[in-house]
Structure formats: C-alpha cells, structure tokens
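Every heavy atom of this structure was used, including side-chain atoms; hydrogens, water molecules and symmetry mates were not. Predicted, not measured: the structure shown is a model, and the values here were computed from it.
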Amino acid sequence: MAQAIGVDIGGTGIKAGIVDLETGTLASDRVRVPTPEGAHPADVVETVREVLSTLGVSESTLPLGVAFPAIVKFGRTLSAANISKDWVDFEAEKFFEDGLGRHITFVNDADAAGVAEARHGAARDARGLTIMTTLGTGIGSAFLYNGVLVPNTELGHLTHEGESIERWTAYSAMERESLSWEDWSARLQEFYSHVEFLFSPDLFVVGGGVSKHPEKFLPLLDLKTPIVAAVHRNASGIIGAAALSAD
C-alpha cells in the first residue's frame with residue numbers, strides 16, 4: 001500500500017497524518033497541535049518535529065509533504081497573512097528540510113487541499129474550472145482546470161472596505177464577531193458572487209474548519225455555480241500535501 005506523510009500548517013493549528021495514496025484517505029490518526037504563538041519559523045519547525053514524533057514517523061522514509069499558508073514559489077514563501085512576517089521572501093523549503101533533516105515537498109495549503117479534492121474528493125472528474133476555497137483563520141483558494149492546479153491564487157486578499165476580504169468573511173470573523181449563520185452567510189454571498197463574476201467557475205468546493213457544518217450555510221447561498229463541501233473536510237490539506245510529495 002503506497003503511503004506518504006502530510007503536514008498542514010495553519011494559522012491556529014498544525015495537523016499531520018499518514019495518507020493512503022491509492023484511496024486519498026488517512027491511514028493513521030490525525031495529530032493536531034496549536035500553531036505556536038506568533039508562528040515564527042524556528043518555532044513552527046520545532047512544532048512540526050513534535051507532531052511527526054507524536055505520529056511516530058520521525059525516522060520514516062515515506063515521502064513528506066508540508067502545506068503552508070503563504071504564496072510558495074520555488075520553495076520561497078512570498079506572503080504572510082496570518083503568520084509571522086519573518087516568512088516573507090524566506091527560503092522556507094530549505095529551512096524545513098534542514099530543520100527536519102530530510103527532503104520534503106513544500107506547497108501552499110489551499111493548493112494542497114484543492115489537489116486532494118480534485119484527485120479523491122468533491123472535484124474528482126470535474127470539468128472546467130473548479131475553485132476551492134478554505135474558510136478558516138483566513139480564506140485560501142485553489143484553482144483547478146480539468147483537474148490541473150493553477151497555483152498561488154489568493155482570493156482571500158480581494159479587498160473589502162480597504163482591507164483583505166478574509167478579515168470580514170473568513171470563519172474566524174464569524175467567531176470573532178459572534179455572527180449568526182445567516183449574517184455570516186450574507187458576507188459569504190457577497191464574496192462568492194464577486195468571485196463568480198470574475199472567473200465564471202464550473203464548481204465551488206468549500207473546505208477549512210467550517211466544512212464540518214455545510215448544512216448551516218451552503219443552503220443560504222444563491223449562486224449560479226454549484227457549491228459543495230469538501231469531501232475530506234479539514235483533512236484535505238494533509239491529504240493533498242502527501243499526494244504531491246509522492247508525484
């Protein structure tokens with residue numbers, strides 16, 4: 001059975017698991033720990049080491065993929081919306097490889113989630129443009145055209161009243177402002193309607209922490225484009241990172 005390890009680093013939590021590459025499902029328990037305060041590079045790498053130890057794969061030779069909440073180009077992180085600014089223009093892939101003492105595949109977290117859903121989830125065999133959005137601490141996005149990833153889209157940084165729309169629309173905004181599902185969904189409606197107008201997608205897939213509760217908000221949205229919850233819910237980043245590490 002082909003397996004790989006996936007690590008998904010988010011603004012609030014770091015998750016990891018062993019993935020069955022044939023089925024795109026977790027072949028182990030999912031380990032989750034809080035992201036260290038400030039999310040500085042050295043602290044994040046140390047926490048990833050702890051997570052891999054807890055998972056029992058510190059010495060494993062299985063492929064390892066790490067999903068990270070930033071624009072990632074040729075191993076460098078070029079943005080830092082919900083993490084330390086130390087990550088901006090940083091040789092992140094090499095830093096992780098040195099810190100973990102092994103080769104890794106390093107990718108944007110939403111892109112990893114999109115790959116998981118395209119290969120083994122809600123966007124499998126989808127034609128045309130699928131836009132995956134992850135609603136959590138911020139809003140991540142992944143574009144997949146006929147299953148092929150177009151990396152490093154950042155729909156969460158469309159502007160709303162002078163700041164990134166994710167500040168107003170992410171799942172964290174609902175929690176921070178104690179919004180009802182109806183009030184939060186009205187914000188989502190504005191976001192998705194704008195994205196729909198800009199890109200004319202064929203399918204929206206919603207992942208992130210809130211994807212555990214699709215019945216609470218998806219029926220409240222009125223869009224021309226079909227919109228569905230991610231099959232793998234909040235594990236999509238782990239699964240996609242593992243899958244990409246084995247390519």
Side-chain angles (χ1 to χ4, degrees), residues 1-33 35 48 51-52 55 57 62-69 72 105-126 129-151 153 155-156 170-171 188 201-218 225-247:
M1 179 171 60
Q3 295 183 332
I5 305 160
V7 176
D8 184 8
I9 298 169
T12 56
I14 296 176
K15 305 177 289 291
I18 300 170
V19 176
D20 180 332
L21 296 173
E22 294 172 10
T23 61
T25 56
L26 290 178
S28 72
D29 290 335
R30 189 188 73 155
V31 175
R32 185 190 187 281
V33 299
T35 301
V48 170
V51 167
L52 294 177
L55 194 59
V57 294
L62 291 174
L64 171 61
V66 176
F68 195 81
V72 177
T105 297
F106 190 73
V107 295
N108 172 268
D109 58 346
D111 284 345
V115 166
E117 292 300 314
R119 295 188 185 184
H120 301 287
R124 187 170 187 173
D125 299 324
L129 177 61
T130 295
I131 296 180
M132 170 100 178
T133 53
T134 56
L135 305 178
T137 308
I139 297 178
S141 58
F143 282 28
L144 299 118
Y145 190 77
N146 291 337
V148 178
L149 176 68
V150 180
T153 58
L155 296 183
Y171 187 34
L188 287 182
D202 298 285
L203 176 67
F204 282 119
V205 179
V206 181
V210 76
S211 61
K212 298 190 296 287
H213 310 290
E215 76 286 352
K216 299 285 191 180
F217 66 98
L218 290 186
T225 307
I227 184 166
V228 297
V231 167
H232 299 294
R233 305 293 195 253
N234 212 17
S236 293
I238 295 172
I239 294 166
L244 288 166
S245 75
D247 284 354

Colleague: What is the distance from atom CG of Asn234 to atom CG of Leu135, rounded to the nearest 0.5 Å?
Modeller: 10.5 Å

Colleague: If you round to the nearest 0.5 Å, how far is CG of Leu149 from CG of Asp111?
Modeller: 4.5 Å

Colleague: Output all residues satisfying side chain to side chain contact (heavy atoms under 4.5 Å, CB included) with Ser236, sequence neighbours left out; order by chain, then residue number.
Modeller: Ala113, Ala116, Glu117, Met132, Ala230, His232

Colleague: Taking all heavy atoms of Val51 and all of Ala16, pick out the closest pair and write down the distance.
Modeller: CG1-CB, 3.3 Å

Colleague: Determine whether a donor-acceptor pair (N or O, by modelled atom type, separation under 3.5 Å) exists between the side chain of Thr225 and the backbone of Asp202.
Modeller: no

Colleague: Show the nearest heavy-atom pair for residues Pro63 and Ser245, with the distance to one decimal.
Modeller: CB-OG, 3.3 Å

Colleague: Quick check: are there more than 12 heavy atoms from other residues, nucleotides or ligands sitting under 6.0 Å from CG of Asp29?
Modeller: no

Colleague: If I take atom CG from residue Asp109 and atom OG1 from residue Thr137, how far apart are they, to the nearest 0.5 angstrom?
Modeller: 9.5 Å

Colleague: Are side-chain heavy atoms of Val66 and Thr105 found at a separation under 4.5 Å?
Modeller: no

Colleague: Taking the side chain as everything from C-beta on, heavy atoms only, tell me whether Val206 gets closer than 4.5 Å to Pro214.
Modeller: no

Colleague: Checking side-chain contact (heavy atoms from CB on, under 4.5 Å) for the pair Leu52/Leu64: CA distance, chi angles, key distance, verdict?
Modeller: CA-CA 10 Å; Leu52 294 177; Leu64 171 61; 4.2 Å; yes

Colleague: For the atom pair OG1 (Thr25) and CG (Asp20), what is the distance rounded to the nearest 0.5 Å?
Modeller: 5.0 Å

Colleague: For Lys212, does the NZ atom have more than 12 heavy-atom neighbours from other residues, nucleotides or ligands under 6.0 Å away?
Modeller: yes

Colleague: Looking at Arg32 and Lys15, would you say the former's side chain and the latter's main chain have a donor-acceptor pair under 3.5 Å?
Modeller: no

Colleague: Checking Thr133 against Val205 for the side-chain contact (heavy atoms from CB on, under 4.5 Å) test, could you report, in this order, the C-alpha distance in whole Å, the side-chain angles of both residues, the deciding distance, and whether it holds?
Modeller: CA-CA 6 Å; Thr133 53; Val205 179; over 6 Å; no

Colleague: If the threshold is 4.0 Å, N to carboxylate O, is there a salt bridge linking Arg119 and Asp125?
Modeller: no

Colleague: A side-chain contact here means heavy atoms from C-beta on lying under 4.5 Å apart; do Val107 and Val72 qualify?
Modeller: no

Colleague: Which atoms form the tightest heavy-atom contact between Gly138 and Ala170, and what is the distance?
Modeller: O-CB, 3.6 Å

Colleague: So which atom in Gly17 and which in Ile238 form the shortest heavy-atom distance, rounded to 0.1 Å?
Modeller: N-CG2, 3.7 Å

Colleague: Is any side-chain heavy atom of Leu203 less than 4.5 Å from a side-chain heavy atom of Val228?
Modeller: yes

Colleague: If you define the side chain from C-beta out and look only at heavy atoms, does anything of His120 sit under 4.5 Å from Thr23?
Modeller: no

Colleague: Measure across Gly237 and Ala112 and return the closest heavy-atom pair with its distance rounded to 0.1 Å.
Modeller: O-CB, 3.7 Å

Colleague: Have Thr35 and Thr12 got a donor and an acceptor in their side chains that come within less than 3.5 Å?
Modeller: no

Colleague: Are the side chain of Thr134 and the backbone N or O of Ile139 linked by a donor-acceptor pair below 3.5 Å?
Modeller: no

Colleague: Checking side-chain contact (heavy atoms from CB on, under 4.5 Å) for the pair Leu129/Phe143: CA distance, chi angles, key distance, verdict?
Modeller: CA-CA 7 Å; Leu129 177 61; Phe143 282 28; 4.1 Å; yes

Colleague: What's the spacing between Ser141 OG and Phe204 CZ if we round to 0.5 Å?
Modeller: 10.5 Å

Colleague: For the atom pair CD1 (Ile131) and CD1 (Ile227), what is the distance rounded to the nearest 0.5 Å?
Modeller: 10.0 Å

Colleague: The test is side-chain contact (heavy atoms from CB on, under 4.5 Å); show your working for Val19 and Leu26 and say whether it passes.
Modeller: CA-CA 4 Å; Val19 176; Leu26 290 178; 4.0 Å; yes

